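Here the structure comes first, spelled out in structure tokens, and everything after it is commentary.
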Protein chains: 2
Amino acid sequence: MQRMTRQRAAVLELLSDQGEFRSAHQIHESLTARGQAIGLATVYRTLQGLAEVGEIDVLRRDGETTFRRCERRAHHHHLVCRQCGLTVELQGDLVERWARELADLNGFVEVEHTLEFSGLCANCAKGGS
Amino acid sequence: MQRMTRQRAAVLELLSDQGEFRSAHQIHESLTARGQAIGLATVYRTLQGLAEVGEIDVLRRDGETTFRRCERRAHHHHLVCRQCGLTVELQGDLVERWARELADLNGFVEVEHTLEFSGLCANCAKGGS
DNA sequence: TTATCTGCAAAGTATTTGCATAATG
DNA sequence: CATTATGCAAATACTTTGCAGATAA
């Protein structure tokens with residue numbers, strides 16, 4: 001049903017390398033930079049297909065959709081500098097616990113969540129390099 | 001700074017009538033249907049202004065942004081049923097506290113966050129109407 | 001009066017789709 | 001070889017912006 005093409009393999013490999021959520025545009029750019037010829041439309045179609053099969057995670061951010069290869073590793077959150085992109089991986093599961101509590105309290109099931117922090121890192125805050 | 005124009009009043013009134021989250025397009029359509037002449041661009045600009053002042057809540061759904069008048073002025077989060085759109089406003093500021101803590105810990109400033117929970121409400125979970 | 005707001009249309013993004021060609025299983 | 005995927009460009013969907021004229025305070 002889903003054929004393994006050069007492009008599909010390239011997208012999967014890229015997503016494995018970059019553990020983070022990336023937009024279709026970023027993925028296309030990275031692949032092109034690596035010398036992998038691939039159309040933007042194909043990137044979109046491939047990502048859509050991979051998401052349907054559950055190979056990758058989808059996250060809506062601002063106005064765009066981002067994708068990441070699913071890992072068994074526990075999900076976590078990020079603190080991102082909105083100027084330079086510096087990213088800190090956060091620990092702690094208080095949101096996860098809150099989610100569970102909310103599910104019980106409101107009769108919801110399969111409760112998922114998205115959480116992200118953004119700010120200015122120390123360097124960028126003081127005029128940064 | 002923000003002038004009360006006929007259009008602004010109309011948007012506010014509509015949002016008060018319809019308690020649920022509505023997209024700019026839906027709002028524009030409803031107003032036009034009511035005989036209120038207003039440009040789509042104005043709807044967007046007005047909604048943006050109202051959101052900045054905290055008069056309305058913003059929620060990103062699929063590819064579009066939706067708005068709803070909120071009773072509670074303080075910023076808060078939502079638990080949304082991904083099938084029927086039922087929305088519960090959440091209370092508690094544990095994420096806000098966490099954000100403050102993270103800022104200190106990592107030397108970030110102006111830390112903002114986005115958090116949203118989605119799941120299936122009781123009704124939809126059992127096959128719902 | 002004058003700073004702000006409005007409408008329109010044009011410009012931007014992000015994403016999807018039609019179709020002829022290429023490549024997979 | 002029969003499908004399914006690809007690339008391109010054109011098409012969509014949503015949102016923002018430039019600007020001249022209108023309007024609230």
Side-chain angles (χ1 to χ4, degrees), chain A residues 1-15 18 20-68 80 82 85 114 116 118, chain B residues 1-15 18 20-53 55-68 80 82 85 114 116:
Chain A
M1 195 176 162
Q2 299 254 53
R3 292 183 179 175
M4 182 52 63
T5 64
R6 173 177 59 75
Q7 293 85 336
R8 191 184 178 82
V11 169
L12 277 170
E13 192 191 326
L14 187 96
L15 284 173
Q18 319 202 331
E20 290 314 306
F21 280 98
R22 293 278 180 266
S23 69
H25 179 255
Q26 290 178 310
I27 291 168
H28 178 249
E29 218 168 41
S30 299
L31 287 174
T32 306
R34 286 188 177 190
Q36 282 282 2
I38 184 172
L40 181 54
T42 301
V43 172
Y44 274 105
R45 277 188 283 230
T46 303
L47 289 172
Q48 193 176 285
L50 290 173
E52 266 167 21
V53 185
E55 283 280 315
I56 59 179
D57 282 338
V58 184
L59 175 62
R60 274 193 191 280
R61 243 147 121 168
D62 280 312
E64 63 184 9
T65 312
T66 57
F67 308 84
R68 169 182 77 174
V80 185
R82 56 173 158 268
T114 62
E116 193 149 308
S118 68
Chain B
M1 195 173 168
Q2 299 257 53
R3 291 182 179 174
M4 182 50 64
T5 64
R6 173 177 59 76
Q7 292 85 338
R8 191 183 178 82
V11 169
L12 275 171
E13 191 190 327
L14 187 94
L15 285 173
Q18 319 202 327
E20 286 314 303
F21 281 95
R22 294 278 181 266
S23 69
H25 180 254
Q26 290 178 310
I27 291 167
H28 179 249
E29 218 167 41
S30 299
L31 286 175
T32 306
R34 286 188 176 191
Q36 282 282 2
I38 184 172
L40 180 55
T42 300
V43 172
Y44 274 105
R45 277 188 285 230
T46 303
L47 290 171
Q48 194 174 284
L50 290 173
E52 266 168 22
V53 185
E55 284 280 316
I56 58 179
D57 280 339
V58 183
L59 177 62
R60 273 191 191 283
R61 239 146 126 172
D62 282 311
E64 65 185 7
T65 311
T66 57
F67 309 83
R68 177 181 72 172
V80 185
R82 58 172 157 270
T114 59
E116 194 152 307

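Below, read A as the first sequence line, B as the second, and so on, with proteins coming before strands; counting in each chain starts at 1. Predicted, not measured: the structure shown is a model, and the values here were computed from it.
The nearest heavy atom of DNA chain D to M4(B) and to H25(B) marks one nucleotide each, and the one closer to the 5' end goes with H25(B). Nearest-nucleotide positions on DNA chain D for S23(B) and T5(B) put S23(B) closer to the 5' end.
Of all heavy-atom pairs spanning Q36(A) and A10(A), the tightest one is CD-CB, 4.0 Å. A pairwise comparison of heavy atoms in F67(B) and L15(B) identifies O-CD2, 3.9 Å as the closest pair.
Taking every side-chain heavy atom of R45(B) into account, dG7(C) is the closest of dT17(C), dT15(D), dG7(C).
Under 4.0 angstrom from either OP1 or OP2 of dT4(D) there lies no side-chain N or O belonging to Q2(A). The shortest distance between the side-chain N/O atoms of Y44(B) and the OP1/OP2 oxygens of dT16(D) is not below 4.0 Å. For dA5(D), the OP1/OP2 oxygens have no side-chain nitrogen or oxygen of T46(A) closer than 4.0 Å. Contact between the side-chain N/O atoms of Q7(B) and the OP1/OP2 oxygens of dT23(D) is not found at any separation under 4.0 Å.
Panel note: side chain T66(B), backbone L59(B); a donor-acceptor pair is recorded below 3.5 Å.
The base of dA3(C) is paired with the side chain of R3(B) by a donor and an acceptor separated by under 3.5 Å.
Regarding Q48(B), its CD atom lies at a distance of 15 Å from the C1' atom of dT6(C), rounded to whole Å. What separates CG of L47(A) from P of dT6(D) is a distance of 11 Å, to the nearest Å.
Non-hydrogen atoms lying under 4.0 Å from DNA chain D are contributed by A37(A), I38(A), G39(A), A41(A), T42(A), all within residues 32-42 of chain A.
Contacts of T65(A) with the nucleic acid, taken as non-hydrogen atoms under 4.0 Å apart, involve only primed sugar atoms and P, OP1 or OP2.
Atom-to-atom distance recorded for Q26(B):CD and E64(B):CD is 6.5 Å, nearest 0.5 angstrom. From I56(A), atom CD1 reaches atom CZ of R68(A) across 11.0 Å, with rounding to the nearest 0.5 Å.
By the side chain to side chain contact (heavy atoms under 4.5 Å, CB included) test, E29(B) is found to be paired with H25(B), residues two or more places apart in sequence or in another chain being considered.
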